[in-house]
Peer 1: 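Pasting a structure below so you can have a look.
Here the structure is a predicted model, which is why all the values come from computation and not from measurement. Counting begins at 1 with the first residue of the sequence. The figures that follow rest on heavy atoms only: side chains count, while hydrogens, waters and symmetry mates do not.
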Amino acid sequence: MTQSPNSIIRYPPWLIVAVDMMSTLGLAAAVYFWLNDRRMTAVGLGAFGLLALVAVVDMGVSRISLEADALRIVSLFSTKRYERHDIERVTWEGGSGVAIQMKDGTWVKLPDLGRNSQSTTNTIRAWLKRQ
């Protein structure tokens, strides 16, 4: 049996572009206000723009990777790995997002990644059922 490639769940591109546009607008407004001697407004908008830029980078890096033997959650500041054989089940509830239950009874909430929770749950369920 051939091994299928890893499934990767990422932020949708349109969401990354939307946050990038907010970052650009924030930084452009900061420059405008700085040049018009509104320094405090410029500093505030500059900080917003820079934080939004960090969010864009994080969104570009963040993913849930369904590998052959493990589920890996990657973000800009951390990486977590959960072995496939340690995962009991996956579920979702409205407002709570997707979570996996480990065989020891603990729950791990997965990052949202701006996607439909039911779709993400179904993707992970299908991955768990594969041999």
Peer 1: Would one find more than 12 heavy atoms of other residues, nucleotides or ligands at under 6.0 Å from atom CH2 of Trp107?
Peer 2: yes

Peer 1: Once you round to the nearest 0.5 Å, how far does CE of Met40 lie from CZ of Phe33?
Peer 2: 13.5 Å

Peer 1: Could you state whether Val108 and Val74 fall into the same hydrophobic cluster, counting links through intermediate Ile, Leu, Val, Met, Phe, Trp or Tyr residues with side-chain heavy atoms under 4.5 angstrom apart?
Peer 2: no

Peer 1: Could you pull out the closest heavy-atom pair between Gly46 and Ala30, with the gap in Å?
Peer 2: N-CB, 3.4 Å

Peer 1: First locate atom CZ of Arg115, then atom CD1 of Ile64, and finally report the distance between them rounded to the nearest 0.5 Å.
Peer 2: 10.0 Å

Peer 1: Between atom CG of Leu110 and atom CD1 of Ile9, what is the distance when rounded to the nearest 0.5 Å?
Peer 2: 8.0 Å

Peer 1: Same cluster or not: Tyr82 versus Val98, using hydrophobic residues (I, L, V, M, F, W, Y) connected whenever any side-chain heavy atoms lie under 4.5 Å apart?
Peer 2: yes

Peer 1: Do other residues, nucleotides or ligands put more than 12 heavy atoms under 6.0 Å from the CE atom of Met102?
Peer 2: yes

Peer 1: For atom CZ of Arg10, decide whether the heavy atoms of other residues, nucleotides or ligands shown that lie under 6.0 angstrom number more than 12.
Peer 2: yes

Peer 1: Name the atoms and distances for all side-chain donor-acceptor pairs under 3.5 Å in residues 86-95, with sequence neighbours left out.
Peer 2:
{"unit_1": "Arg89", "atom_1": "NE", "unit_2": "Gln101", "atom_2": "OE1", "d": "2.8"}

Peer 1: Out of curiosity, does Val31 fall in the hydrophobic cluster containing Leu51 (side-chain heavy atoms, cut-off under 4.5 Å, transitive links)?
Peer 2: no

Peer 1: Any donor and acceptor pair, going by atom type alone, linking the side chain of Arg81 with main-chain N or O of Ile73 inside 3.5 Å?
Peer 2: no

Peer 1: Please check if atom NZ in Lys103 has more than 12 non-hydrogen atoms from other residues, nucleotides or ligands closer than 6.0 Å.
Peer 2: yes

Peer 1: About how many Å separate CG of Asn116 and CD of Gln118, when rounded to the nearest 0.5 Å?
Peer 2: 6.0 Å

Peer 1: With a 3.5 Å distance limit and no angle check, can you tell me whether Asp104 reaches the backbone of Thr106 through a side-chain donor-acceptor pair?
Peer 2: yes

Peer 1: Is it possible for you to say whether Ile16 and Val19 belong to one hydrophobic cluster, with membership spreading through side-chain heavy-atom contacts below 4.5 Å?
Peer 2: yes

Peer 1: Drop me the distance from Leu128's CG to Thr123's OG1, to the nearest 0.5 angstrom.
Peer 2: 11.0 Å

Peer 1: Rounded to the nearest 0.5 Å, how far apart are CD1 of Ile8 and CD of Glu67?
Peer 2: 8.5 Å

Peer 1: Could you name each residue pair satisfying side chain to side chain donor-acceptor pair (under 3.5 Å) that touches residues 44-63, not counting sequence neighbours?
Peer 2: Asp58-Ser62

Peer 1: What are the two closest heavy atoms between Ser23 and Gly49, and how far apart are they?
Peer 2: OG-O, 3.0 Å

Peer 1: Closer than 3.5 angstrom, by distance alone: can the side chain of Asn36 be matched with the main-chain N or O of Tyr32 as a donor-acceptor pair?
Peer 2: yes

Peer 1: State plainly whether one hydrophobic cluster holds both Val57 and Val54, where clusters connect Ile, Leu, Val, Met, Phe, Trp and Tyr through side-chain heavy atoms under 4.5 angstrom apart.
Peer 2: yes

Peer 1: For a quick check under 3.5 Å, do Ser78 and Ser75 share a side-chain donor-acceptor pair by atom type?
Peer 2: yes

